[in-house]
Amino acid sequence: MELAQSLGAEIVSCDSMQVYRQMPVLSQAPTRAQRAQVQHHLIDCIEPTHSFSVGEFRKMAVPVIDQILARGKRVLVVGGTGLYVRALTEGLCDAPPADLKVREQLWSECQGVGSATLYDRLRGVDSVAASRIHPNDARRIIRALEVYALTGRPISSWWKQASAELLQGHVTIVGINRDREELYRRIDERVLRMVYEEGVINEVRQLFRLPLSRTARQVHGLLDIELYLSEKASLKDTISTWQQRVRNYAKRQMTWFKQTSSIQWIDVSADERSWETNERILDLLRRLRTAHPDASRQTSDVGA
């Protein structure tokens with residue numbers, strides 16, 4: 001928030017769950033007060049009954065970014081969905097769109113034999129893709145097998161042919177890095193706050209009245225709370241399992257982003273205040289612009 005105000009920027013969300021309506025607590029979306037202070041985009045705009053893909057995200061995000069820049073303002077893209085960041089900065093491959101029949105067959109098979117079996121199959125037909133996809137990431141494993149089934153070509157060959165119009169202006173990617181134990185402590189505290197202060201369990205009760213899409217059901221905490229509501233887990237165990245899942249996800253996020261060489265990392269200590277971090281990022285941006293004076297004045301600052 002402070003960085004957006006300092007830059008005179010509008011915020012474009014890069015979070016695969018904050019696009020959904022009716023789950024502001026689960027997705028930890030910006031509050032109404034924050035959105036009143038700084039203009040946000042791609043927040044609270046898709047019904048949770050609808051699936052949402054990285055392709056749809058890019059199709060929505062690029063025109064929004066172009067419009068903000070055309071108004072003479074800067075853009076701050078904020079979020080931790082690495083594939084969405086990559087889609088904006090590197091484009092998307094031209095692989096064929098989803099085939100619902102093939103995809104449903106693969107999902108049914110996955111539910112029967114498990115994602116590990118499908119992952120082994122993927123390694124046999126596309127070792128490159130398998131090396132970039134986690135063995136438990138059923139959604140991406142199924143997409144890779146789907147493309148192979150439809151085209152006879154590994155999805156990694158489509159990645160190599162990726163082509164897309166680049167974003168306007170100069171793009172700077174800034175990553176926030178915290179001590180691992182401090183990060184985990186903040187995650188654990190956030191889950192407790194969501195349960196005991198923000199009403200997340202009631203939010204989940206309301207969501208389960210809807211035919212949720214497969215992508216919406218991937219939001220952290222939903223399935224854990226479902227077990228609690230069906231009396232298959234205690235609240236204590238629900239919280240503990242949920243916290244562990246998010247910590248594991250954060251670890252995978254850092255592994256993903258550490259492989260992106262273009263990210264400018266800012267190490268933030270436990271006692272550092274937000275205005276101090278804001279000043280350090282602004283100083284970094286000033287130094288980068290001094291080093292690249294030919295960069296466009298209308299700079300798209302992309303924060304992950």
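Nothing here was measured: the structure is a model prediction, and the numbers come from that model. The basis for the numbers below is simple: all heavy atoms, side chains too, and nothing from hydrogens, waters or symmetry mates.
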Cationic N near anionic O, under 4.0 Å, [X] to [Y]:
X: E104; Y: R214; value: yes
X: D99; Y: R103; value: no
X: R143; Y: E146; value: yes
X: R193; Y: E189; value: no
X: R74; Y: E10; value: no
X: D188; Y: R247; value: yes
X: R123; Y: D120; value: yes

Practice item. Evaluate the criterion side chain to side chain contact (heavy atoms under 4.5 Å, CB included) for residue pair Y249 and R245; output intermediate values, then yes/no. Key: CA-CA 6 Å; Y249 180 73; R245 288 186 199 277; over 6 Å; no
Exercise for review: Indicate, with yes or no, if W275 and M1 share a hydrophobic cluster defined by side-chain heavy-atom contacts under 4.5 Å among Ile, Leu, Val, Met, Phe, Trp and Tyr.
Suggested key: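 No, it is not one cluster - the side chains of M1 and W275 are not joined through contacts under 4.5 Å.
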Check your understanding: Is F52 reachable from I43 through a run of I, L, V, M, F, W or Y residues, each pair having side-chain heavy atoms under 4.5 Å apart?
Key ->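 Different clusters.
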Quick one, [X] and [Y] - any side-chain contact, counting heavy atoms below 4.5 Å?
X: N177; Y: K258; result: yes
X: K232; Y: E226; result: no
X: M23; Y: P48; result: yes
X: Q105; Y: E109; result: no
X: M60; Y: C45; result: yes
X: I65; Y: V12; result: yes
X: R35; Y: D44; result: yes
X: L7; Y: L282; result: yes

Nearest heavy atoms of [X] and [Y], plus distance in Å:
X: I141; Y: P135; result: CD1-O, 3.3 Å
X: S131; Y: V128; result: OG-O, 2.6 Å
X: D126; Y: S156; result: OD1-OG, 2.8 Å
X: G80; Y: Q253; result: O-NE2, 2.8 Å
X: P30; Y: H40; result: CG-CD2, 3.6 Å
X: D267; Y: E272; result: O-OE1, 4.3 Å

Check your understanding: Would R273 and E276 satisfy salt bridge (charged side-chain N to carboxylate O under 4.0 Å, His left out), going step by step from the backbone distance to the final call?
Key -> CA-CA 5 Å; R273 290 166 291 185; E276 294 175 301; 3.6 Å; yes
Practice item. For L284 and T172, run side chain to side chain contact (heavy atoms under 4.5 Å, CB included): C-alpha distance rounded to whole Å, both residues' side-chain angles, the deciding distance at 0.1 Å, then the answer. Key: CA-CA 10 Å; L284 168 66; T172 302; 5.5 Å; no
Point to revise | Working for side chain to side chain contact (heavy atoms under 4.5 Å, CB included), residues V195 and L235 | key: CA-CA 9 Å; V195 171; L235 183 58; 4.2 Å; yes
Practice item. Verify side chain to side chain donor-acceptor pair (under 3.5 Å) between T215 and Q218, making sure each step is shown before the conclusion. Key: CA-CA 5 Å; T215 48; Q218 293 173 356; over 6 Å; no
Between [X] and [Y], a side-chain donor and acceptor under 3.5 Å:
X: S269; Y: D179; result: no
X: T241; Y: D224; result: no
X: Q18; Y: Q28; result: no

Practice item. State whether the side chain of S213 and the backbone N or O of H50 hold a donor-acceptor pair below 3.5 Å, judged by distance alone. Key: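 Yes, S213 side chain to H50 backbone: donor-acceptor pair under 3.5 Å.
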Review point. So S27 and D15, side chain to side chain donor-acceptor pair (under 3.5 Å) or not? Walk me through it.
Key: CA-CA 9 Å; S27 69; D15 186 294; over 6 Å; no
Practice item. Give the intermediate values and the outcome of side chain to side chain contact (heavy atoms under 4.5 Å, CB included) for residues E198 and E203. Key: CA-CA 9 Å; E198 299 178 358; E203 181 175 275; over 6 Å; no
When rounded to the nearest 0.5 angstrom, what distance separates [atom1] in [X] from [atom2] in [Y]?
X: L145; Y: L118; atom1: CG; atom2: CG; result: 5.5 Å
X: I142; Y: W107; atom1: CD1; atom2: CH2; result: 4.0 Å
X: S115; Y: L106; atom1: OG; atom2: CG; result: 12.5 Å

Practice item. Going by the side-chain contact (heavy atoms from CB on, under 4.5 Å) test, name the single residue among L222, V25, V191 that passes it with V200. Key: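 That would be V25; it is the only one of L222, V25, V191 passing the side-chain contact (heavy atoms from CB on, under 4.5 Å) with V200.
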Exercise for review: Can you spot which of L42, L83, T81, I46 makes a side-chain contact (heavy atoms from CB on, under 4.5 Å) with F57?
Suggested key: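 Running side-chain contact (heavy atoms from CB on, under 4.5 Å) over L42, L83, T81, I46 with F57 returns exactly one hit, L42.
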Check your understanding: Under the 6.0 Å and 45° cation-pi test, does K251 pair with W256?
Key ->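 Not satisfied by the 6.0 Å and 45° rule.
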